[in-house]
Amino acid sequence: MKILFVSSEASPLAKVGGLADVVGSLPRALRALGHDVRIVLPQYDGLESRYSLKTVIQDFPLSLDHESANLNLTEINGVPIYLLENRHYFGTREVYNHDLERFYFFSRALFEMLPSLDWQPEIVHCHDWITALLVMWQKQAGQAYKHVFSIHNLAYQGFFDDSFRYSRELKKQWENLPPGTPPLPYTYMAQAVLRADLVTTVSQTYAREIATPEYGVGLDSLLRYRQDSLRGIVNGLHPEDWDPRTDPLLPFNYSAEDTSNRRFNKAALQRVAGLPVDAEIPLIGMVTRLDEQKGLDIVGQGLDRLLPESGAQLVIMGKGRDNYEKMIKEFAARYPQQAAGIVAFEEPLARLVYAGCDIFLMPSRFEPCGLGQLIAMRYGAVPVVRHTGGLVDTVPPFKAEMTRGNGFVFHEYTSEALRGAVTEAVKAFNNKTIWQTAVQRLMKLDFSWDVSAREYEKAYQRVMGT
Ligand code: GLC
């Protein structure tokens, strides 16, 4: 099948969060199954100097704002990638900024340009709200493409107000559920969820959760209406992108069979974080967007008991909201011997956290899938997670002295529940033989795309009616 992935992020070209990892790796797995999968992204500033580009559509006149755009083509890891070039909207390095306008433009330009492309997909697979209007316009115009729409995070929908609605011709194209049902909220995402041939999200548990008022962010009734066309397919990792045996960004490589080098990474991480270098101290790591979703509130509330009681070290690395950036810096000031907050997102350092910490913490308030826990396991860190979304599907709780299950799990979104799970993990860490056996078992688990790519294949076959 011929499938076009439409996204705002794809590793290694543009990465803010997990969306980039998924769009950067799933097409490779699908191509290995024999499908012609390509990607289209906005051409953010700087990409033109990092990749060699060939223009496939030049100076295409668009109906919007008298703008025009180019479509350029490059190839990475065997996957053709189209880049939509327009300096006015995408002449900055930032992926997100004035999103409503910029991604309105992105979808509109693709809507007008795609029919002129010399390669035609059968399926347009749109990822997250930034691409949702493309589904709306293509469906409305009766273009023959089939549509799969994937929700990576329902919290971001592209909410807008009446004045934006009028300024942008969104009024007459708006469609609602049948009479008698409440009107849909003004969000880009609503229209794609309503009209796509199939809606997917990135884990089975999240697929169930988002059809409830608690997790539905205003779209739960629509998602229930579309229940028969909603699928949860858990994310995978590309095994070569995430392999501690060969990872060139790690100071010391190691494998599930021989983890002895891992302690040198731990020492390196302790050094970089400015913490005492000591293999015996349990080291807790977090690599995360600093966002409400990620559970930093309960980490903050629990810290003053957690650190003194457990004696553990904590390294948090990430970027995001100012209040959380400030908060993790404060942790470090308050507990210089035990806590470090690294406000940055740098790939080598992120990988050092996965390869150096003993315990990987993901206390998410909600989590569509989560990739951090998968990477952590592959790199030999034991997850402590909250029971939500994809964390439920990928980290069943330990049983029988860590011989079954994948991590320590807590349920309630409270600092006490978090502290309980971390305390349990720290206690287990001191039982070296059991811990080490569990680490090696987790490292061997298969989180590759193999299974999920086949699920997507089935989803595509379904929309194609084959
Ligand atoms: C978003 C979600 C995360 C998911 C990722 C890729 O970042 O928050 O849970 O793993 O998208 O699907």
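Counting starts at 1 for both ligands and their atoms, following the listed order. Just the heavy atoms: all of them, side chains too, but no hydrogens, waters or symmetry mates, feed the values below.
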**Fill in**
What one should report as the nearest heavy-atom pair of F103 and V95 is CZ-O, 3.7 Å
**Request:** Report the member of H152, K294, M362 with the shortest heavy-atom distance to atom 2 (C) of ligand 1.
**Result:** H152
**Request:** State the atoms of ligand 1, each with its element, that fall below the 4.0 Å cut-off from a heavy-atom position in V22.
**Result:** 6 (C), 12 (O)
Please list every donor-acceptor pair under 3.5 Å in which a side-chain atom of residues 320-328 meets a protein atom from a residue at least two apart or in another chain.
| from | atom 1 | to | atom 2 | distance (Å) |
| --- | --- | --- | --- | --- |
| Y324 | OH | D297 | OD1 | 3.1 |
| Y324 | OH | D297 | OD2 | 3.3 |
| E325 | OE2 | G320 | N | 3.0 |

**Prompt:** Charged N to carboxylate O below 4.0 Å: is that the case for D450 and R454?
**Reply:** no
**For ligand 1, the portion of N235 having any non-hydrogen atom under 4.0 Å away** = side chain
**Message:** Run the ring pair (Phe, Tyr, Trp, His ring centres under 6.0 Å) test against F159 and tell me which residues pass, sequence neighbours left out.
**Reply:** none
**Enumerated ligand 1 atoms positioned under 4.0 Å from heavy atoms of R289** = 7 (O), 8 (O)
**Heavy-atom nearest neighbour in the protein, as seen from atom 9 (O) of ligand 1, with distance rounded to 0.1 Å** = E367 OE2, 2.5 Å
**Item:** Identity and separation of the nearest protein heavy atom to atom 8 (O) of ligand 1
**Value:** Q293 NE2, 3.0 Å
**Asked** For the residue pair Y456 and H125, is the inter-centroid distance of their aromatic rings smaller than 6.0 Å?
**Response** yes
**Message:** Could you identify the single nearest non-hydrogen protein atom to atom 4 (C) of ligand 1 and state the distance to 0.1 Å?
**Reply:** G370 N, 3.7 Å
**Asked** Are any of the heavy atoms in G18 under 4.0 Å away from ligand 1?
**Response** yes
**Prompt:** With atoms numbered from 1 as shown, which atoms in ligand 1 lie under 4.0 angstrom from a non-hydrogen atom of V202?
**Reply:** 12 (O)
**Request:** Using a 4.5 Å cut-off on heavy atoms from C-beta on, say whether the side chain of F106 contacts that of V6.
**Result:** yes
**Prompt:** Side chain, backbone, both or neither: which part of N153 has a heavy atom under 4.0 Å from ligand 1?
**Reply:** side chain
**Message:** So that I know where these two stand, are Y206 and Y215 an aromatic pair - ring centroids less than 6.0 Å apart?
**Reply:** no
